[in-house]
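Proteins get letters first, then strands, A, B, ... in listed order; numbering begins at 1 in each. Because the structure is predicted, anything quoted here is derived from the model rather than measured.
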Protein chains: 2
Amino acid sequence: MSRPEPLSPEVNAAVDAILEAILYLYTESRRITKEVAKRASLTGPQLTVVKILEQIGDLSLSELSDRIRAQNSTVTGIIDRMEREGLVDRVRSTEDRRVVRIRLTKKGFALAREVSVEPMEMFRAALDELSGIEQRDLLTILTKLAKRVQMMVHDGRKET
Amino acid sequence: MSRPEPLSPEVNAAVDAILEAILYLYTESRRITKEVAKRASLTGPQLTVVKILEQIGDLSLSELSDRIRAQNSTVTGIIDRMEREGLVDRVRSTEDRRVVRIRLTKKGFALAREVSVEPMEMFRAALDELSGIEQRDLLTILTKLAKRVQMMVHDGRKET
DNA sequence: GCAAGATGTTTCGCGTGCGAAATATCGATG
DNA sequence: CATCGATATTTCGCACGCGAAACATCTTGC
């Protein structure tokens, strides 16, 4: 809503530093996921999908897209390649024939069990070294921040 | 370093939430950059490159890669397309003929001036709504976290 | 029951993004 | 000065990742 005022320089510096840190953490987390996935001859996104399906069972393609925060068209491609490798099956739903349910195959389950290590182990360890208070603060502030951004995005789109 | 112990469930939940928030913020920041870039018929990375070159002048391809945290091979592609559009020039360095310096063209500069809005305006606004204390805390904790991860990555790579 | 719109998925074209191998040049060592 | 290892960039093949358009199926209004 209220259009952002020009901010003071030191705030800008802090913002830059915060964004820098977030970018770094994100990049690193992705790199690590990829590295873990490689041990099972998977790509990062594929490992994510396998783990999700292992934990919560079949999902429609759209539900899966929501989970991993990607567009349907992206997930279609990922599932194509996983199906080709025999990791998942596409099962047309009988109730609504538009929807496709994605199901882990035996091979897929085997792989999921094999890579039991959580991809985020390193982050967990790093976070664990923070004090309990710091953890709580971090979560609180990040959540608040995410919520604000979400609101702005949601009802924004009016001003340049 | 000490191998990570299995962590308690509530810590795991907090970690998941924190990672979730970071993922969200990152994704959103990227989406916003893209949207801003679109106004100038640029892609997200291209806008980033244009803005960097505007602010600090010519850079070698490697220096540019470092700045935007991407591999050289990725940046080669980005610069290829930008050169095709007449936004930048490749200038072979005379001192060291291996290096290529990337230089904004007049057209590139014009575009950079045109998109004067900071892509991160929305984040700045969101962060600005946090209290000063929260901002400081967030920065402190994120920095600490990034540093820890960095250390782990740096001297890790020993255990499975 | 059927036309019109809504919803779920795929297709297409394009732009990243990466790692490994190729290429070009530099610098040091003999 | 020939060669060998280091450094800068490009090429290649592949896997995302997106938005727009196409397609299939469902639902609603009539």
| query | So which of residues 65-83 of chain B are in contact with DNA chain D, with a heavy-atom cut-off of under 4.0 Å? | reply | B:Asn72, B:Ser73, B:Thr76
| query | Which atom names give the shortest non-hydrogen contact between B:Arg101 and B:Asp58, and what distance separates them? | reply | NH2-O, 3.5 Å
| message | Test side chain to side chain contact (heavy atoms under 4.5 Å, CB included) on A:Val100 and A:Arg92; report intermediate values, then the result. | response | CA-CA 5 Å; A:Val100 173; A:Arg92 207 97 217 174; 3.6 Å; yes
| note | Separation of C:dT16 atom C1' from B:Arg30 atom CZ, nearest Å, is 7 Å
I'd like a list of close polar pairs between nucleotides 1-4 of chain D and the protein, N/O only, cut-off under 3.5 Å.
none

Any N/O pairs under 3.5 Å between the protein and nucleotides 22-25 of chain C? List them or say none.
unit_1, atom_1, unit_2, atom_2, d
C:dT25, OP1, B:Arg97, NH2, 3.3

| request: For B:Leu61 and C:dG17, give me the distance from atom CG to atom P, rounded to whole Å. | output: 14 Å
| request: For B:Tyr26 and D:dC16, give me the distance from atom OH to atom C1', rounded to whole Å. | output: 12 Å
| message | Tell me whether A:Ile133 at atom CD1 has more than 12 heavy atoms from other residues, nucleotides or ligands lying less than 6.0 Å away. | response | no
| side-chain hydrogen bond (donor to acceptor under 3.5 Å, both in side chains) partners of A:Glu83, counting only residues at least two apart | A:Arg90
| OP1 or OP2 of D:dC16 sitting under 4.0 Å from any side-chain N/O of A:Thr43? | yes
| Separation of D:dT9 C1' from B:Arg101 CZ (nearest whole Å) | 14 Å
| request: Take atom CZ of A:Arg90 and atom P of C:dT9, then tell me their distance rounded to the nearest Å. | output: 10 Å
| message | Distance check needed: D:dC18 P versus B:Ile32 CD1, whole Å only. | response | 15 Å
| Short N-O contact, A:Arg31 and A:Glu35, less than 4.0 angstrom | yes
| query | Can you check the B:Lys34 NZ to C:dG15 C1' distance for me, whole Å? | reply | 8 Å
| task | Establish, from distance only, whether the side-chain atoms of A:Asn72 and A:Ser65 form a donor-acceptor pair under 3.5 Å. | result | yes
| field | Atom-pair distance (CZ on A:Arg31; C1' on C:dC18), nearest Å | value | 12 Å
| field | ring pair (Phe, Tyr, Trp, His ring centres under 6.0 Å) pairs, two or more places apart, involving residues 26-81 of chain B | value | A:Tyr26-B:Tyr26
| task | Write down the atom of B:Leu47, the atom of B:Val115, and the distance for their closest heavy-atom approach. | result | CD1-CG1, 4.0 Å
| Qualifying salt bridge (Lys or Arg N to Asp or Glu O under 4.0 Å) pairs with a residue from residues 65-76 of chain B, counting only residues at least two apart or across chains | A:Glu20-B:Arg69
| Quick one: CD on A:Glu114 to OG on A:Ser41, what's the gap to the nearest 0.5 Å? | 8.0 Å
| said: Salt bridge check, A:Glu54 against A:Lys51: does any charged N sit closer than 4.0 Å to a carboxylate O? | reply: yes
